[in-house]
Amino acid sequence: MQITAALVRERSAPFVIETLDLAAPRADELIVRVVASGMCQTDLHGRDGYYAVTSFPAVFGHEGSGIVHAIGSAVRDFAPGDHVVMSYPWCGECANCRRQRLNYCLNARNLKNKGTRADGSTLLGKNGAPVYGAFFQQSSFGTFALTQARYAIKVRRDAPLELIAPLACSGQTGAGAVLNVLKPNAGDSFAVFGAGAVGLSAVMAAKAAGCAPIIAVDVHDHRLALARELGAAHTINARHCADVVSEIRNIVEGGVHYTVDTSAAPKALREAIESLLPAGTCVLLGSARAGIEASFEMPFLQQGRIVRGVVQGDSVPREFIPRLVDLMMAGQFPLEKMIKFYDLADINLAAQESTAGIAIKPVLRMPH
Ligand SMILES: [Zn+2]
Ligand SMILES: [Zn+2]
């Protein structure tokens, strides 16, 4: 079938809206009529060729939500008309998938970034030439996307599809770090470093879990204002603060129980670690480029402190995304406050405003 999609012709080229051919679904696949797609930094990393395995021309997008349009012959748990979110891919066969650590799949890099199915076949084409889609096995920057049924998550029909798209990646990454990994008790103190879409999702989850106080650290005042609106009792603009760690210890004596770093900046990670109470935990969510190192004092860690990285919030999407949708529908996860909508045709503006920090979570609406 023909679709309209945002194509990147070569590394770092702008997105161009093109008509492309989408393959028919195999037995275990489905086609989703995409209603909306969030845009993450990862899409722009893909566009700019950060991932060595990426080929061009390519279609990106990995936070798609929409309505099931067609199903493969072996798909039993979906029917056309179902509302779905598409989440991250996994192989199901590696050592980590076999023990249900799907978000740490050993084949994730190729499945996310190579632009083909696992067997190397392409999903998209233009005038008979291959186009590399299958970004996160979905490529949601288009009117229709093909994915494996096992990566789709059915969601309740009264949830607005254009609002829940970001749950597929940034939403579950930030919220999952809090609710699946840290599992705070009500009254535990919490600080987030970096108040973008992931950090603010962590703030909303910390608020829902009853954390107090919640502290947000960032370098943009408008993001800190939103963090406050979403539940942060204290905010620190690191650009105007000489000593963030002392400032946090002034707010909560001795430091906080939990910190989350979404910035992937070595200075912020060190501050996130040094802000911890003994036996506190720091979670690293930001994706730093290869070769970046961070340092901290070893005796400081010895006091029971934990530092660990987390991918996709350690979420099992089929369980966690519906839970976040319920929270959102109950008013406890007001994602809409961080979203800025764009038409697909304005995708380059969305990318530009995302990079500039103007749009916290761009969401593209697909033309139909
Ligand atoms: Zn795997
Ligand atoms: Zn993402």
Side-chain angles (χ1 to χ4, degrees), residues 6 8 28 34 36-48 50-51 53-54 58-65 85-119 133-141 145 147-148 150-151 153 164-177 194 196-202 260-264 284-289 309-318 320-321 324 335 338-340 347 350-351 354-355 359-364:
V8 178
D28 58 351
V34 181
S37 176
M39 176 185 275
C40 257
Q41 207 57 46
T42 310
D43 298 305
L44 304 180
H45 286 344
R47 176 197 64 184
D48 295 337
Y50 282 18
Y51 309 111
V53 294
T54 304
V59 176
F60 298 98
H62 64 290
E63 284 188 336
S65 62
V85 166
M86 293 173 276
S87 192
Y88 64 83
W90 36 275
C91 77
E93 288 158 15
C94 72
N96 276 346
C97 283
R98 281 200 308 270
R99 52 186 195 131
Q100 291 302 309
R101 303 303 302 269
L102 305 179
N103 53 321
Y104 301 108
C105 170
L106 304 181
N107 294 308
R109 185 171 300 247
N110 280 344
L111 289 171
K112 289 175 178 173
N113 301 321
K114 198 161 178 234
T116 68
R117 291 185 179 101
D119 68 3
F135 190 63
F136 279 59
Q137 298 298 308
Q138 61 171 285
S139 286
S140 54
F141 290 165
T147 190
Q148 285 187 34
R150 61 186 185 171
Y151 308 144
I153 299 102
I164 64 177
L167 295 179
C169 179
S170 57
Q172 74 175 0
T173 294
V198 172
L200 291 172
S201 295
V260 167
D261 177 59
T262 70
S263 71
L284 167 67
L285 300 180
S287 55
R289 295 188 68 173
V310 176
V311 170
Q312 294 287 347
D314 275 10
S315 138
V316 176
R318 288 217 170 164
F320 194 56
I321 286 180
L324 291 179
L335 252 180
M338 69 172 83
I339 289 176
K340 183 169 180 190
I347 184 171
S354 170
T355 302
I360 294 175
K361 175 47 80 175
V363 171
L364 302 166

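Every heavy atom of this structure was used, including side-chain atoms; hydrogens, water molecules and symmetry mates were not. Order of listing sets the numbers, starting from 1, for every ligand and every atom in it.
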Original post:
Passes ring-ring contact (aromatic ring centres under 6.0 Å, His included), Phe135 versus Phe60? Steps please.
Top reply: CA-CA 5 Å; Phe135 190 63; Phe60 298 98; 4.9 Å; yes
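Shown are the protein N/O/S atoms under 2.8 Å from the Zn ion (ligand 1), given by residue and atom: Cys91 SG, Cys94 SG, Cys97 SG, Cys105 SG. Near-neighbour remark for the Zn ion (ligand 2): protein N, O or S atoms under 2.8 Å are Cys40 SG, His62 NE2, Cys169 SG; waters not counted.
Here the CZ atom belonging to Phe136 is positioned 10.5 Å from the CG atom belonging to Leu111, to the nearest 0.5 angstrom. Rounded to the nearest 0.5 Å, atoms NZ (Lys361) and CE (Met39) are 9.0 Å apart.
Applying the side chain to side chain donor-acceptor pair (under 3.5 Å) rule to Ser87 yields the partners Gln172; only residues at least two apart in sequence or on another chain are considered.
The two residues His62 and Ser140 come nearest to each other via the heavy atoms N-OG, 3.2 Å. When every heavy atom of Val34 is checked against every heavy atom of Met86, the shortest pair comes out as CG2-CE, 4.3 Å. Residues Pro166 and Ile339 share a closest heavy-atom pair of CG-CD1, 4.1 Å.
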Only pairs under 3.5 Å count here: list side-chain donor-acceptor contacts from residues 91-103, not counting sequence neighbours, and write none if there are none.
{"unit_1": "Asn96", "atom_1": "OD1", "unit_2": "Arg99", "atom_2": "NE", "d": "3.1"}
{"unit_1": "Asn96", "atom_1": "OD1", "unit_2": "Arg99", "atom_2": "NH2", "d": "3.1"}
{"unit_1": "Asn96", "atom_1": "ND2", "unit_2": "Tyr104", "atom_2": "O", "d": "2.9"}
{"unit_1": "Arg98", "atom_1": "NH1", "unit_2": "Glu93", "atom_2": "O", "d": "2.8"}
{"unit_1": "Asn103", "atom_1": "ND2", "unit_2": "Val311", "atom_2": "O", "d": "2.7"}
{"unit_1": "Asn103", "atom_1": "ND2", "unit_2": "Asp314", "atom_2": "OD1", "d": "2.9"}

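Between Ile153 and Phe320 the shortest side-chain heavy-atom distance does not fall below 4.5 Å.
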